[in-house]
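Labels below follow one simple rule: chain letters A, B, ... track the order of the sequence lines, proteins then strands, and each chain is numbered from 1.
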2 protein chains.
Amino acid sequence: MDRSPARVTLKDIARLAGVHPATASRALDPARGDMLTPETRDRVRRVAQEAGYHVNSFARSLRKNSSGMVGVVVADVANPFLPPILRGIEQIIRAEQKLLLIAETHDDGGTLLEIIDHFVARRVDAVILSAAHFGDEQAVASLAEKIPVVLAVRSVGSARFPTITHDDVLGGQLAAEHLVSLGHRDLAQLRGPMDVSSFRGREQGFAAVMSTTTARERFVDQSAAAPTVEEGRRLAEAILDAPGRHPTAFFAHNDLMAVGALEALRDRGLTCPRDISIVGYNDAPLSNHVNPPLTTVRLPSLELGRRVATLALAVIAGATTEPTIEKLPPELVIRQSTGAPSHP
Amino acid sequence: MDRSPARVTLKDIARLAGVHPATASRALDPARGDMLTPETRDRVRRVAQEAGYHVNSFARSLRKNSSGMVGVVVADVANPFLPPILRGIEQIIRAEQKLLLIAETHDDGGTLLEIIDHFVARRVDAVILSAAHFGDEQAVASLAEKIPVVLAVRSVGSARFPTITHDDVLGGQLAAEHLVSLGHRDLAQLRGPMDVSSFRGREQGFAAVMSTTTARERFVDQSAAAPTVEEGRRLAEAILDAPGRHPTAFFAHNDLMAVGALEALRDRGLTCPRDISIVGYNDAPLSNHVNPPLTTVRLPSLELGRRVATLALAVIAGATTEPTIEKLPPELVIRQSTGAPSHP
DNA sequence: TTGAAAGCGGTACCAG
DNA sequence: CTGGTACCGCTTTCAA
């Protein structure tokens with residue numbers, strides 16, 4: 001396979017069509033095509049077509065100083081709630097003829113910095129960051145000096161940047177209210193990583209409801225290092241194995257963690273929801289098929305993706321970057337992992 | 001936010017360091033750094049560091065005619081077996097200081113063509129294609145004339161291109177042998193889209209075993225339009241609602257389809273595995289937590305990602321593109337959705 | 001409406 | 001070891 005057939009350049013097309021490169025450039029640009037005689041334009045286009053011409057996007061980008069790419073930073077592609085967000089973003093971005101550059105941090109600060117460097121070097125038109133931690137404000141600020149940045153899903157704490165998240169506080173409230181209204185009075189949270197705004201919000205929304213009722217929240221001093229099945233199991237075990245009565249309900253900050261808690265129950269001969277009710281978060285795929293089907297909080301992720309991409313486009317276009325922070329409302333999905341406590 | 005602080009260029013660094021741009025260029029390139037006096041080199045590097053210099057990758061790429069990016073085409077990011085593959089690819093690619101460009105086809109041929117165009121225009125160094133259909137051979141061939149292409153997961157049928165897949169035929173065999181050895185004699189496949197090599201392979205592996213035993217495979221004329229829960233349910237329903245006795249075992253070409261079949265059983269008051277055993281495929285997240293936990297076929301996906309990326313790198317480096325086709329062996333994971341037939 | 005020329009920011013080659 | 005120079009392919013003034 002000979003792979004360097006000296007690619008066709010604009011000059012070639014110009015020569016073939018008997019015009020100046022500048023003219024060829026105009027003919028091929030839809031926006032400026034009508035500066036030419038239709039004949040010239042069509043001739044050039046036809047020649048380009050036949051010769052299999054493709055612009056060299058480096059040259060174009062170098063000249064225009066814009067890459068036509070939008071960078072997306074996520075913590076972990078494997079997180080099942082991301083795909084709908086990515087899809088929403090992609091729908092909007094592709095409609096603009098731009099391409100998506102996706103990178104993963106694995107929640108590592110150093111990797112985030114590296115990725116930012118890459119994105120800056122590649123002059124992406126904007127960065128959509130959905131992997132922020134509370135500590136990342138500096139890094140984001142310095143990035144934002146160079147490239148438009150939009151925060152998705154997770155905020156950095158302050159409202160310095162345009163941000164679109166799910167309303168995690170409301171989500172935590174919904175979970176708490178549901179459990180309290182079922183009659184639970186002794187509840188515990190299985191908390192996700194506390195340096196991420198999403199989990200912090202859920203924690204606060206939940207706690208806020210607790211403080212206005214006769215129910216009380218079990219003090220748990222640990223939180224998950226990552227929102228995984230293993231960590232959910234670990235936290236649940238710590239609570240279940242503590243001396244004294246166990247709580248009658250768990251609010252897990254994530255469906256995977258909820259599943260981990262389910263495992264811990266099962267190991268101890270407890271059943272859900274008879275002994276302990278569990279609310280998850282995200283409505284991950286198959287969470288309606290685990291045993292028992294999970295009561296959870298569903299997020300408008302596709303919509304979030306679309307909005308965040310639209311916002312990014314607006315910022316690229318130079319819309320005033322009022323640091324809005326918009327929160328999309330979640331929805332409680334009641335299934336079979338929650339019920340009234342059996343010994344109230 | 002002023003976003004055009006006239007970015008620092010190599011010329012600026014050269015001026016600041018009192019050297020010629022060409023020298024600055026050499027100082028900043030690790031590969032050519034030792035052509036200079038250590039003092040000059042370090043001075044330039046320090047200046048660059050302090051000034052916050054980043055190469056303009058367009059300029060570099062224009063000159064080098066290489067983008068430093070590898071394009072990955074997938075059918076659907078939401079498919080839960082993709083993340084480990086992507087992770088494997090990313091590990092290898094990032095180690096090479098290259099970036100990943102990810103695009104989705106949604107299994108649409110037109111979209112594939114568009115994406116290919118984008119990738120060609122952006123001069124990605126290589127394309128890793130894991131969204132191929134049997135009909136795509138032409139498109140791939142024409143792409144391969146311009147850019148190194150490596151096929152992942154799905155082949156196009158012929159062995160014209162370097163390809164690394166899972167061994168789907170073996171996977172189908174494992175499923176069939178397992179069910180037959182449990183005593184099943186009347187079995188059916190819930191087939192995935194038949195224009196994708198993976199599903200075709202599974203079908204053939206399964207059928208091959210059938211033909212060497214006394215078991216027989218129920219004729220089912222439909223296959224899934226997409227490997228989803230809904231399609232799995234639809235196919236299962238068609239079989240269950242057909243007149244006469246139903247088979248005692250299903251081989252679903254995908255875990256999601258298996259879950260759909262589970263739904264269909266439940267609706268009809270049948271239970272798994274007592275009435276019908278089900279084998280899934282992929283070992284998707286949570287497939288060990290559905291009810292009952294799925295017997296399935298596990299794929300070495302991370303490994304596949306790593307190999308395919310390594311292969312892509314080799315092809316970029318100009319290694320002879322002998323159109324190898326390598327197949328990674330899957331593994332049967334026995335859980336509780338399979339058992340001996342109750343009325344043999 | 002079209003052509004000429006300059007330059008985007010680097011890198012590579014040749015000379016010194 | 002370093003400087004000079006040309007040029008990668010395209011877009012964009014400015015003139016004609």
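Partners of T310(A) under the side-chain contact (heavy atoms from CB on, under 4.5 Å) rule, at least two apart in sequence or in another chain, are I92(A). Considering only residues two or more places apart in sequence or on other chains, D125(B) meets the side-chain contact (heavy atoms from CB on, under 4.5 Å) condition with S66(B), S67(B), K98(B), I316(B). Remark: E96(A) engages no residue in a salt bridge (charged side-chain N to carboxylate O under 4.0 Å, His left out) (not counting sequence neighbours). For D29(A), the side-chain contact (heavy atoms from CB on, under 4.5 Å) partners two or more places apart in sequence, or in a different chain, are A31(A), R32(A). Listed by chain and number, the residues in a salt bridge (charged side-chain N to carboxylate O under 4.0 Å, His left out) with D76(A) are R87(B) (sequence neighbours excluded). In this structure R26(B) satisfies the salt bridge (charged side-chain N to carboxylate O under 4.0 Å, His left out) test with no other residue, sequence neighbours excluded. Partners of H118(B) according to the side-chain contact (heavy atoms from CB on, under 4.5 Å) rule, which considers only residues two or more places apart in sequence or in another chain, are Q97(A), L99(A), R122(B).
Residue R122(A) contributes atom CZ, which lies 14 Å from atom C1' of dG10(C) at whole-angstrom precision. We find that NZ of K11(A) is positioned 13 Å from P of dA4(C), with the value rounded to whole Å. In this entry the distance linking CZ of R60(A) with P of dG10(C) reads 21 Å, nearest Å. Counting to the nearest Å, the C1' atom of dG9(C) and the CZ atom of R15(B) are 14 Å from each other.
Residues of residues 51-59 of chain A that place a heavy atom closer than 4.0 Å to DNA chain C do not occur. Residues of residues 16-44 of chain B that place a heavy atom closer than 4.0 Å to DNA chain C, in numerical order, are A22(B), S25(B), R26(B), R32(B).
Sorted pairs that involve residues 53-62 of chain B and meet salt bridge (Lys or Arg N to Asp or Glu O under 4.0 Å), not counting sequence neighbours, are lacking altogether. For the salt bridge (Lys or Arg N to Asp or Glu O under 4.0 Å) condition, no pair includes a residue of residues 37-55 of chain B, sequence neighbours left out.
In this structure, V124(A) and I147(A) approach most closely via the heavy-atom pair O-CG2, 3.5 Å.
First and last contacting nucleotides of DNA chain D toward chain B (any atom under 4.0 angstrom from a heavy atom, 5' to 3' order): dC1(D) to dG9(D).
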